[in-house]
Amino acid sequence: MKVRTRFAPSPTGNVHIGNMRAAIYNWLFARHHGGEFLLRVEDTDRERSTPEAIQTLLDAMEWLKLDVDGAPLYQSTRMEAHLEAAEILLSKGLAYKEDKGGLGQGECVIFKMPGTDASFEDGIKGTLSKAAENMQDFVIVRSNGTPVFHLANVLDDIEQGITHVIRGDDHIENTYRHMALYQALDADVPNFAHLPMLTNAQGKPYSKRDGDAFVGDFREKGFLGDALFNYLVFLGWSPGDDREIMTRDELVDAFTLERCQSSPAQVDLRKLTWMNGEYMLKLSDTEFEATAFSAMEKAGIEADPDYARQVFGLIRERVKTVADIAPMVAYFFTEEFEYNAKAVRKKLQKDGVRETLEKVAEIFKNLETFDEASTDKALHEFIETSGLGFGAVMAPLRIALCGVPSGPELFPMLQILGRDRVLARINRTIELYLSE
RNA sequence: GACCCCUUCGUCUAGAGGCCUAGGACUCCAGGUUUUCAUCCUGGCAACACGGGUUCGAACCCCGUAGGGGUCGCCA
């Protein structure tokens, strides 16, 4: 039988990474088995399920490249089918009506648990079981006539032909109910696998208030979709060897439920950042340029493409996240850059620095050609003949040129900035900080 | 409280009775490379929750304890 998995989120405008990891595992499992990965939008909450919220969901999935087979099933279109099924259960005596008083709107439909002990083979956690006396009947249609999650969810999974339900382990208790429902509905019970939850940096469960746990937030913080994907897969799974950076094909090939962890995993931004850096390095020049240009555009930096490309070459290897790019390149494109106060105090405002910078400017001015090699040569000669140390010359020069004490290699930077800009910046720095 | 689940370095994990002197990765620390920062290279710190069994032998099996978590809605 063909494997079919699904992702069944309710569109609320935000997708939590815990949910998204479940989606990723479903996708991986389906692809590994050559099966299908379906989407079901559980949009019965009309208040929150706006077109925008649905779009946010779709965007997140596209960003992580979770391609879906077939058209999404919108749960809101299935209400009649749900209610019809409830009627059948009622007529078979597998459900009953009762006024529990909850909504104050009369009777609701309650599913009758079979009264036998239940047990199933969880794809991740092994054998799970529960005694009959610990399972209670539950509502499947509210007294206002709307179907409850349990009914809708099971019916839709049957409708979509889902063979494997991979979901968070907060659903374990529901699974016993759902299994009973499948049986009452004369449907095949799918395989279940329950994923342990993801915890925040404090090792505590993400609460609804943890603002940094949404997929969109990671995108905004400058993480790459591929990197987040790779990282999320490894939160609770490993291939069993030492690989950690894996391509999609490799992941699809290696992914099995048996290798999933059954204990919770904590999200570590430092490791994600490291992994993202690895993915930034793997970007082709064209891809890097595209992301860099859009990052700069967002930051309001206008740039000549050819000049910008030279700059990118300099910073390429230093970038960990997309968000690093704009601040790192800003001073290449504007004279309005900020001077780091501490650096100015410690490296610039010292005896002899003014003279040094003036001398350097003089040397640069008289250079026949102004490029990486010539500036390198000239400055080395100057340092040698003047007896000044490298630090005494290079550090102030760097701050004069870009305002900060660290950055890309200096000589290529000189060439890219060009003589005019370099001289102007040195002069301005002297005026600003080194004139009596 | 009841029921269920989980427990290897700070974190993600390898480990399915002898290969474990418990391996890898991130972080951190030290050294090297570098004008600086980052990269890179080398090295280092660091864990089987605890207590009982079973066994010639246990991180791996069993029991218990502790800690953590989930569920107990006419939410999903």
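Here is how names work: the chains are called A, B, and so on, in the same order as the sequence lines, proteins then strands, and each is numbered from 1. Hydrogens, waters and symmetry mates play no part in the numbers below; they use all other heavy atoms, side chains included.
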Please say whether the positively charged group of Lys282(A), taken as NZ for Lys or CZ for Arg, lies over the ring of Tyr279(A), i.e. under 6.0 angstrom from the six-membered ring centre and within 45 degrees of the axis.
yes
What does Leu128(A) touch in the nucleic acid at a heavy-atom separation under 4.0 angstrom: a base, only the sugar-phosphate, or nothing?
sugar-phosphate
Please classify the nucleic acid contact of Asn174(A) as base, sugar-phosphate, or nothing, using heavy-atom distances under 4.0 Å.
base
Does the structure place the NZ or CZ of Arg248(A) under 6.0 Å from the centre of the six-membered ring of Trp27(A), at an angle of no more than 45° from the ring's axis?
yes
Scan side-chain atoms only and decide if His150(A) and His178(A) contain a donor-acceptor pair under the 3.5 Å cut-off.
yes
Contact under 4.0 Å: Lys125(A) side-chain N or O vs rC6(B) OP1/OP2:
no
Aromatic contact between Phe312(A) and Phe293(A), with the criterion being ring centroids under 6.0 Å apart: yes or no?
yes
Length of the line joining His150(A):NE2 and rU71(B):P, which is rounded to integer Å
12 Å
For rC26(B) and rC41(B), measure between their P atoms and round to the nearest Å.
10 Å
Between rA59(B) and rC3(B), how far is it from one C1' atom to the other, in whole Å?
29 Å
Which value, in whole Å, describes the distance between the P atoms of nucleotides rC29(B) and rU39(B)?
12 Å
Ring centres of Tyr339(A) and Phe337(A) under 6.0 Å apart?
yes
C1' atoms of rG31(B) and rA22(B), separation to the nearest Å
27 Å
I'd like to know if Lys377(A) and Glu381(A) make a salt bridge, using a cut-off of under 4.0 Å between side-chain N and carboxylate O.
yes
Which is true for Met197(A) with a 4.0 Å heavy-atom rule: it touches a base, it touches only sugar-phosphate, or it touches nothing?
sugar-phosphate
Between N or O atoms, less than 3.5 Å apart, protein on one side and nucleotides 13-18 of chain B on the other: list the pairs.
| from | atom 1 | to | atom 2 | distance (Å) |
| --- | --- | --- | --- | --- |
| rU13(B) | OP1 | Gly236(A) | N | 2.6 |
| rU13(B) | O3' | Ser238(A) | OG | 3.4 |
| rA14(B) | OP1 | Ser238(A) | OG | 3.3 |
| rA14(B) | OP2 | Gln261(A) | OE1 | 3.2 |
| rA14(B) | OP2 | Gln261(A) | NE2 | 3.4 |
| rG15(B) | OP1 | Arg259(A) | NH1 | 3.2 |
| rG15(B) | OP1 | Arg259(A) | NH2 | 3.2 |

By salt bridge (charged side-chain N to carboxylate O under 4.0 Å, His left out), which residues pair with Asp253(A), not counting sequence neighbours?
none
Determine which nucleotide pairs with rU65(B), using a 3.5 Å limit on both distances of a Watson-Crick or G-U wobble pair.
rA49(B)
Close aromatic pair by centroid cut-off 6.0 Å: Phe255(A) and Phe29(A):
no
5' precedence on RNA chain B between Pro408(A) and Cys108(A) (nearest-nucleotide basis)
Pro408(A)
Taking atom C1' in both rC12(B) and rU71(B), compute the distance separating them and give it to the nearest angstrom.
27 Å
Now, which nucleotide makes the Watson-Crick or G-U wobble pair with rA30(B), with each of the two distances under 3.5 Å?
rU42(B)
Just call it for Asp99(A): base, sugar-phosphate, or nothing, with non-hydrogen atoms closer than 4.0 Å on any strand.
base
Any strand, both distances under 3.5 Å, Watson-Crick or G-U wobble: rG1(B) pairs with rC72(B)
On a whole-Å scale, what distance lies between the P atoms belonging to rG15(B) and rC9(B)?
16 Å
Quick one: look up who rA58(B) pairs with, Watson-Crick or G-U, both distances under 3.5 Å, and put none if it's unpaired.
none
Please classify the nucleic acid contact of Glu244(A) as base, sugar-phosphate, or nothing, using heavy-atom distances under 4.0 Å.
base
Please name the nucleotide paired to rA25(B) by Watson-Crick or G-U wobble geometry with both distances under 3.5 Å, or report none.
rU11(B)
Within the structure shown, what part of the strands sits under 4.0 Å from Gly106(A) by heavy-atom distance: base, sugar-phosphate, or nothing?
base
Taking any heavy-atom pair under 4.0 Å as a contact, classify His194(A): base, sugar-phosphate, or nothing.
nothing
Interatomic distance at C1', rG57(B) relative to rC20(B), whole Å
13 Å
Tell me whether the NZ or CZ atom of Arg21(A) lies within the 45° cone about the ring axis of Tyr25(A) and under 6.0 Å from its centre.
yes
Using atom C1' in both nucleotides, what's the gap between rG51(B) and rU13(B) to the nearest angstrom?
27 Å
Counting only side-chain nitrogens and oxygens, does Lys100(A) get under 4.0 Å of the OP1 or OP2 atom of rC74(B)?
yes
Among rA25(B), rC3(B), rG70(B), find the nucleotide with the atom closest to the side chain of Lys130(A).
rC3(B)
Under 4.0 Å, heavy atoms only, any strand: does Ser143(A) hit a base, just the sugar-phosphate, or nothing?
base
